[in-house]
Enquirer: 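To start, I am sharing the structure in question, which I have written as structure tokens.
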Amino acid sequence: MPHGTWRNGFHLMPPTGWLNDPNGLCQLGGTYHVFHQYSPDWPAPSAPRGWGHFASDDLVHWRAVGDGFAIAPDTPDEASGAYSGCAVPVEGGVRIYYTGNVKEAGDFDYVRDGRRSVQILVESPDGCQMGEKNVLLRNADYPAFCTRHVRDPKVWREGDTWWMILGARDVDDRGLVLVLRSDDGLRWENAGTVRPAEPFGYMWECPDRVELEGREWLSFCPQGMQGLPWANGIRDQAGYVPVAAGSRVSEGAVVDAGAFRRWDCGFDFYAPQTFVDESGRTILIAWMGLPEADFESAPDGMAWCHCLTVPREVTAGAGGALLQRPVAELEALRGARHELAAGGTLELAEHRADVLLAGAGRAGSLVLDDALAISWEDGTVRLTFADDRVGCGRDERAASVDAVRDLRVLVDSSAVEVFVNGGELALATRWFPRSERLTLVQRGQALLHIWEMGDGMAGTY
Ligand code: FRU
């Protein structure tokens with residue numbers, strides 16, 4: 001199958017080169033901005049890493065902004081990368097906070113020595129023209145218990161006070177979050193930590209904070225998790241914990257890592273970031289990839305690597321859980337509608353579909369291209385690859401809920417996202433179908449509604 005057909009229709013991906021974390025998510029004057037970690041020169045060794053940029057008026061139809069870096073790693077304080085960060089809309093524009101990463105030449109472990117982590121501010125009137133870079137914080141400014149790994153600022157305001165959280169690794173190799181406060185968003189002071197009661201991973205990356213209905217959740221990506229029974233041997237995980245009623249992230253807190261829930265139980269999900277859009281919705285976008293895994297994400301010499309999830313609206317669920325549903329805007333891409341009864345088969349010309357199943361029954365399955373089965377039985381949902389040329393190292397993932405009531409499956413040319421019970425469970429995976437047409441086979445008692453999906457990326461590059 002030609003590589004071109006693995007280009008997605010509604011999952012953001014780079015034209016060529018490498019993409020990882022979503023960065024700087026925001027909505028300004030109606031326009032949505034999605035920045036991301038970007039190495040246009042990948043797979044060249046040590047390809048510089050900075051920020052790429054997409055914009056959209058509706059979260060569905062995207063345009064690339066510029067054809068290179070939106071933020072280039074072009075100062076000595078980010079010589080090894082303009083790393084992840086966030087955007088804070090302000091009057092007259094937006095403030096972008098991110099980490100400059102510098103690895104010094106020499107014989108260093110790059111944990112306790114040889115690395116600088118600098119927090120940088122760039123202001124922009126419109127998200128597109130970038131002002132000068134201002135270094136706000138250097139390693140000497142962080143608490144003495146920190147190693148050199150301090151990064152990924154998330155900044156927000158509460159009343160007149162600005163707050164920042166940073167992911168960090170302490171000298172005892174424990175992951176935690178640093179909390180800083182500021183009166184103006186420019187001069188910052190340390191204001192505490194958010195830590196687990198018991199060690200939970202050696203480093204926490206990409207901290208974030210969700211506030212819904214007056215409650216807070218701390219989202220973070222702990223590293224060093226491969227030994228845990230639910231971790232599928234994967235070092236880097238992404239999840240959240242509810243912050244205890246009565247305490248605030250900004251006040252520093254001890255969180256119960258035992259309450260950690262993965263945002264997504266599929267193969268490809270990391271570094272999620274949330275933002276609140278102009279209508280007040282909390283929207284999450286994540287990297288559909290992992291820093292370290294045995295899966296292949298650019299098979300057969302593809303010239304681009306990785307994509308982002310669709311925007312997911314986050315709402316509060318029962319018992320401290322957060323629900324994630326694809327934003328309603330995605331339905332604008334729906335085209336011809338089909339129904340598929342139990343035992344039926346449907347063939348579509350493009351590998352793009354939105355599949356809805358209401359009333360799932362005790363057990364059933366949807367098989368895509370005879371290669372990827374999405375199955376459910378007694379509350380357990382599985383993704384199973386029957387063809388490794390399509391899975392490229394991905395085999396099987398399972399996750400459970402009390403009972404599977406409904407299912408939504410978004411199928412794109414090389415990305416699949418499954419949402420169960422109105423977003424109680426999500427499973428994202430890359431897939432690399434080898435056939436020209438998409439075949440859907442369903443086994444179960446229910447009726448599937450299937451829409452062909454249009455291409456929101458058309459004309460992006
Ligand atoms: C997470 C991460 C971040 C860092 C960025 C570098 O995937 O390692 O901690 O800022 O990627 O690209």
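Atoms within each ligand, like the ligands themselves, are counted from 1 in listed order. Positions are given from 1 along the sequence.
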Enquirer: Taking atom 3 (C) of ligand 1 as the point of reference, which of Asp21, Thr99, Leu290 owns the nearest heavy atom?
Expert: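 It is Asp21 that holds the nearest heavy atom.
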
Enquirer: Any idea which atoms of ligand 1 are less than 4.0 Å away from a heavy-atom of Ser84?
Expert: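 Those of ligand 1 that fall under 4.0 Å from Ser84 are 5 (C), 10 (O).
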
Enquirer: Run the numbers for me: atoms of ligand 1, each under 4.0 Å from some heavy atom of Gln37, listed by number.
Expert: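 Listed by number with element, the hits are 5 (C), 6 (C), 12 (O).
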
Enquirer: So if I count the atoms of ligand 1 from 1 in the order they appear, which ones are less than 4.0 Å from some heavy atom of Tyr270?
Expert: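 Matching atoms, with element in brackets: 1 (C), 7 (O).
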
Enquirer: Classify the contact between Asn20 and ligand 1 as side chain, backbone, both or neither, using a heavy-atom distance cut-off of under 4.0 Å.
Expert: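 Looking at Asn20 and ligand 1, just side chain atoms fall under 4.0 Å.
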
Enquirer: Near Asp152, which atoms of ligand 1 are under 4.0 Å from a heavy atom of that residue?
Expert: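 It comes down to these atoms of ligand 1: 3 (C), 4 (C), 9 (O), 10 (O).
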
Enquirer: Looking at Phe260 versus Trp230, is the centre-to-centre ring distance below 6.0 Å?
Expert: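 Ring centroids of Phe260 and Trp230 are less than 6.0 Å from each other.
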
Enquirer: Quick check: Trp263 with Tyr240 (ring centres under 6.0 Å apart)?
Expert: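 Here the rings of Trp263 and Tyr240 have centres that are less than 6.0 Å from each other.
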
Enquirer: With Cys86, which of Tyr97, Tyr98, Phe35, Phe275 fulfils side-chain contact (heavy atoms from CB on, under 4.5 Å)?
Expert: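 Among the candidates, only Tyr97 passes.
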
Enquirer: Donor-acceptor pair, Ser117 side chain versus Arg151 backbone, under 3.5 Å?
Expert: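 Answer holds: no.
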
Enquirer: For Asn134, look at atom CG and say whether over 12 heavy atoms of other residues, nucleotides or ligands are found less than 6.0 Å away.
Expert: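 Atom CG in Asn134 is packed in, count exceeds 12.
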
Enquirer: Have Tyr270 and Glu292 got a donor and an acceptor in their side chains that come within less than 3.5 Å?
Expert: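 Note: Tyr270 and Glu292 side chains miss the donor-acceptor criterion.
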
Enquirer: Could you check atom 8 (O) of ligand 1 against the protein and tell me its nearest heavy-atom contact, residue, atom and distance included?
Expert: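 Here the nearest protein heavy atom works out to Glu205 OE2, 2.9 Å.
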
